[in-house]
Amino acid sequence: MADALEATGRYRVLRQLPTDPQAFRPMPDPQSLPAGHRIGLYVDVETTSLDPRTGDIIELAMVPFTFTDDGQIIEIFQPFQQLQQPSQPIPPAITALTGIDDAMVEGKAIDIDAVVGFVAAAEICAAHKAAFDRRWLEKLTPVFATKPWVCSLHEIPWKEEGFESLTLSYIGMKSGFFFDAHRAAEDCLAALQILKLPLPKSGRSPISYLLEASRAITCRIKAPNTPYERKELLKARSYRWSDGSDGSPKAWWIDVPQEKLNDEITFLQSHIYMRPIDLPIRRITALERFSARAD
């Protein structure tokens, strides 16, 4: 029936992505993998707030998968998923979003030793908003600081491929699938199913972009004391504002590929400062990218 509807050209049918944890087999011993197969780890956290300094993790999911150097996901494995009781009651807005309430997490704690075991087996960590998840997880255990990280939100050219929104739910629907969002394991499993699909315009595997990003060096340029009247120029060029709440000086900043560093410095000197100027620049690899340590 679904095929018949789609064949008319007047309907698009959404199919449910498989996100039942029991449908996937447990992660094998890394030593048993075929040559050229590597283990990655897709992660997601649910939290009581947006700020790791004041909130708590209430759910962690990690889904191991195997991939090849040419950018193919070979197999997705059974997720690790655990709840944790926070130090304060869960805000009603978080319960409404995730379905997790105080009764569900009472007396629960994430098994850190088990987490370390999962992370140790992986060669790379991925998340859909890595700048969010990585900061929370490095607070949970420093093992997450030992791995390179990639971001499926920012390091895949979704818009160039025709996706107007970058949420996993939208990307899935645009690709013909749907899933129950905002529970950590379901989000991870859905993300990996989506990452297995070829991109609609280029035909490339999405994860091939992530592997490229994991090898790239970016440069973080901070532009302090910029003239107020030129802030719109900075915004139009995708600079972001740091208000100093993290202890660093207030400044506009941007991350650019290393090969575009000189072009960006030229832009700042000719369009913002109107003079030669030495700027704070930090070179960042995937070992620090998306971490608070890169700020």
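Position 1 is the first residue of the sequence; numbering continues from there.
A donor and an acceptor atom, one from each side chain of T66 and R38, are nowhere located under 3.5 Å apart. No side-chain N or O of E59 forms a donor-acceptor pair with one of Q82 less than 3.5 Å apart. A side-chain donor from one of S152 and Y42 sits under 3.5 Å from a side-chain acceptor of the other. Between the side chains of T95 and D101, no donor-acceptor pair is found at a separation under 3.5 Å.
Counting heavy atoms from C-beta on, the side chains of L189 and P79 come closer than 4.5 Å. Contact annotation: the side chain of Q84 never approaches that of V105 to less than 4.5 Å [non-hydrogen atoms, C-beta and beyond]. Side-chain contact between E161 and S202: present, with at least one pair of heavy atoms (C-beta onward) separated by less than 4.5 Å.
Aromatic pair Y239/W252: centroids not less than 6.0 angstrom apart. Between F80 and F118, the distance separating the two ring centers is shorter than 6.0 angstrom.
Legend: residues meeting salt bridge (charged side-chain N to carboxylate O under 4.0 Å, His left out) with R283, ordered by chain and number and at least two apart, are absent. Residues meeting the side-chain contact (heavy atoms from CB on, under 4.5 Å) test with N225, sequence neighbours left out: none. With sequence neighbours excluded, the residues satisfying side-chain contact (heavy atoms from CB on, under 4.5 Å) with T54 are S49, D51. S291 pairs by the side-chain contact (heavy atoms from CB on, under 4.5 Å) definition with R134, E138, R293, not counting sequence neighbours.
With rounding to the nearest 0.5 Å, the separation of CD in E155 from CD1 in I207 is 11.5 Å.
Ring geometry for F65 against F67 counts as tilted: the plane angle lies between 30° and 60°, on a 0 to 90° scale.
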Would you be so kind as to tabulate the donor-acceptor pairs closer than 3.5 Å made by side chains of residues 5-12, with sequence neighbours excluded?
{"unit_1": "E6", "atom_1": "OE1", "unit_2": "R15", "atom_2": "NH2", "d": "3.1"}
{"unit_1": "E6", "atom_1": "OE2", "unit_2": "V13", "atom_2": "N", "d": "3.4"}
{"unit_1": "E6", "atom_1": "OE2", "unit_2": "R15", "atom_2": "NH1", "d": "3.1"}
{"unit_1": "T8", "atom_1": "OG1", "unit_2": "L5", "atom_2": "O", "d": "2.6"}
{"unit_1": "T8", "atom_1": "OG1", "unit_2": "R10", "atom_2": "N", "d": "3.2"}
{"unit_1": "R12", "atom_1": "NH2", "unit_2": "K174", "atom_2": "O", "d": "2.8"}

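Residue pairs meeting the salt bridge (charged side-chain N to carboxylate O under 4.0 Å, His left out) criterion with at least one member in residues 23-35, sequence neighbours excluded, are R25-E75.
Relative to the six-membered ring of F267, R237 meets both conditions, a distance below 6.0 Å and an angle of at most 45° to the axis.
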Could you walk me through whether E288 and T285 pass the side chain to side chain donor-acceptor pair (under 3.5 Å) test, one step at a time?
CA-CA 6 Å; E288 308 92 26; T285 71; 3.1 Å; yes
